[in-house]
Amino acid sequence: MDILPILATLRRHKITAALLILQIALTCAIVCNAVFLITQRLQRMDMPSGIAERELLHLELADIGRSADEKARTAEDLAALRHVPGVVDVASVNQVPFGNSSWNSGIKLDAQQKTPTLNMTTYYGENLAQALGVQLVAGRFLQPDDYMDFDDVVKAAQAGDTKRLPSVLVITQGLAERLWPGQSALGKQIYLGSDTPLRVVGVVKTLIRPSVWDDSMAQYTGLLPVRIYNSNYLIRTAPGDRERVLQAAIAALKKTDPHRVVINKRLMSDMRRDFFREDRSMAVLLGGVCVALLVVTALGIVGLGSFWVAQRRRQIGVRRALGATRGNILHYFQTENFLLATLGIALGMALAYGINLFLMHHYELPRLPAIYLPIGAIALWLIGQAAVLGPALRAAAVPPVVATRSV
C-alpha cells in the first residue's frame, strides 16, 4: 500500500497524531522500565537460600527480669528441644536467614591490607550447618573440636591472645569464587578484623545472608566455629510436623524456665514470604501501572480511530466508489496506526533509555537489557493493531452510496 496518502492525511491532523505518538512513547518508556523492575523483583524473590526452608522453624525467647546463667540454660534448652518428638536437629544461633538483622565482618586477604576486600555475614552456632540443611560441595563441615565459646572469643580478642581465637571457617561457593576466581578455596586464608588467619576447611553451595540489601552480595556468607549462648533457636523437623513441633517446643522451653516470653515463633517459609513482602507489593503495583497504561493507550487508539472514521466518511465513500475494497479500507487504517505506533515506539525507546540512565545514576539499578525494547515494541504494535481493528472494520463497512450522499 502507498503510504504517501496516509502521510498527507496525518499532516492535516498534526496535533491529534502527535498526541497519540506521545502517548505511545510514554507508555513504551514506562512499561519497558517497569517490566524490567518487575523481573528484577521476581528474580530477587526467587533467590535460593541454600537451606531446608520447609523443614525449619525459628523460636526466640526473652527474659522477664534478671536473666539466669545463659550457658547452662542454653544447654538445658537444647537438651529439652532435642527430646521433643519430631525434632531432627536444633542449634542456638546468633542470626537466622530472612531475619532482617545481620552480623557482618570485613574480609581481608592479607593482614597488612588496609581496606577490606568485601563484607561477609558471619553465622555462629554449633551444628548450625547441619540444622540449616546446607549442601557441602567441598571439604568438610565444622567439627566439635573446632568450636569455641563466644565469650571466650571476645575475651581473647580483647587480650590479643591469638591462640584462643577460631582458626577455621566454612564459606559459600559464591564467596569463594569472588575471592579466588577459578581456584579451590580449601586451605586458603582470610582475615576478619585481626592478624589471626582463618583457614577455609569447607565450601557450601549456597547460604543466604539474613538481610539482603545487595543481591550481588547475597551469598557472601561464612560459618564460624563459635558457640553462642542465648534463647535464639533454629529447629529442623519434617515439613508436615512444623506447626505441632513449634507448639511442643514452646511448651518444653516454658517448662525449663517459665519466666520467659516468646518474642518470635515463625516457620522459615513464612519468614521468607514476609521478607519479600515489599518486593511482591512493588511487583504487583508496577504490574498494575503497566496494565493501566496499556489499557489507556488502547482506548486512546480506539477513540482516535473512531473519531477519524467519523471525520473521513466522505473520503472513505469516495475511495469505495473508485473501487477500493473493504480490505483496502481496513489495511489503510491498520497501516496508519502502524506508522503512528512505530514513531511512538522509536521515541519511547529513547525515553526508556533516558529513564534507565536516571535510575542507574540515582538508585544504582543495572542497565536496562536491550531485549526489553523489541519486546515492548512488539507488544505495543500488537495492542495498536488490536485496538484499531474495531474502528477499521466500521470504516470498511461504510457503503459507498451512503458515504457519497454528502458529497
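Scope of the values below: all heavy atoms of this structure, side chains included, with no hydrogens, waters or symmetry mates.
The side-chain heavy atoms of M268 and L57, taken from C-beta on, include no pair separated by under 4.5 Å. Side-chain contact between V388 and V302 is absent, with no heavy atoms from C-beta onward closer than 4.5 Å. Using a 4.5 Å heavy-atom threshold, the side chains of R178 and L118 count as touching.
Screening R41, Q40, Q43 for a side chain to side chain donor-acceptor pair (under 3.5 Å) involving D279 leaves a single residue, R41. Each of Q113, K108, Q112 was compared with Y191 under the side-chain contact (heavy atoms from CB on, under 4.5 Å) criterion, and only K108 meets it.
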Listed pairs under 3.5 Å, donor-acceptor, residues 164-172 side chains, sequence neighbours left out:
unit_1: T172; atom_1: OG1; unit_2: L175; atom_2: N; d: 3.3
unit_1: T172; atom_1: OG1; unit_2: Q219; atom_2: O; d: 2.3

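In this structure, the separation between CD on E126 and OG on S92 is 10.0 Å, given to the nearest 0.5 Å. One finds the CG atom of D89 at 7.5 Å from the CZ atom of R82 (value rounded to the nearest 0.5 Å). Y123 contributes atom OH, which lies 9.5 Å from atom CG of L234 (distance to the nearest 0.5 angstrom). Taken to the nearest 0.5 Å, the NE2 atom of H58 stands 13.5 Å off from the CG atom of D270. To the nearest 0.5 Å, atoms CG (L253) and OH (Y233) are separated by 6.5 Å.
Across all non-hydrogen atoms, the minimal contact from L286 to A34 is CD1-O, 4.1 Å. Between L142 and Q130 the shortest heavy-atom distance is O-NE2, 4.4 Å. When all heavy atoms of R209 and M120 are compared, the pair lying nearest together is NH2-C, 3.9 Å. In terms of heavy-atom proximity, T122 sits nearest to S105 at CG2-OG, 3.9 Å.
Judged by distance alone, with hydrogens and angles left aside, the side-chain atoms of Q189 form no donor-acceptor pair with the main-chain N or O of T196 at under 3.5 Å. For Q311 (side chain) and F307 (main-chain N/O), no donor-acceptor pair under 3.5 Å exists by modelled atom type. Not a single donor-acceptor pair under 3.5 Å links the side chain of R44 to the backbone N or O of T39. For N356 (side chain) and R367 (main-chain N/O), no donor-acceptor pair under 3.5 Å exists by modelled atom type.
In this pair, W103 and Y124 present their aromatic rings perpendicular. The plane angle is above 60°, beyond the 30 to 60° band.
The pair R244-D241 counts as a salt bridge, with a side-chain nitrogen and a carboxylate oxygen less than 4.0 angstrom apart. Using a 4.0 Å cut-off between charged nitrogen and carboxylate oxygen, R73 and D63 count as a salt-bridge pair.
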Tell me, with the steps shown, if L365 and L37 meet side-chain contact (heavy atoms from CB on, under 4.5 Å). CA-CA 9 Å; L365 291 177; L37 293 176; 3.5 Å; yes
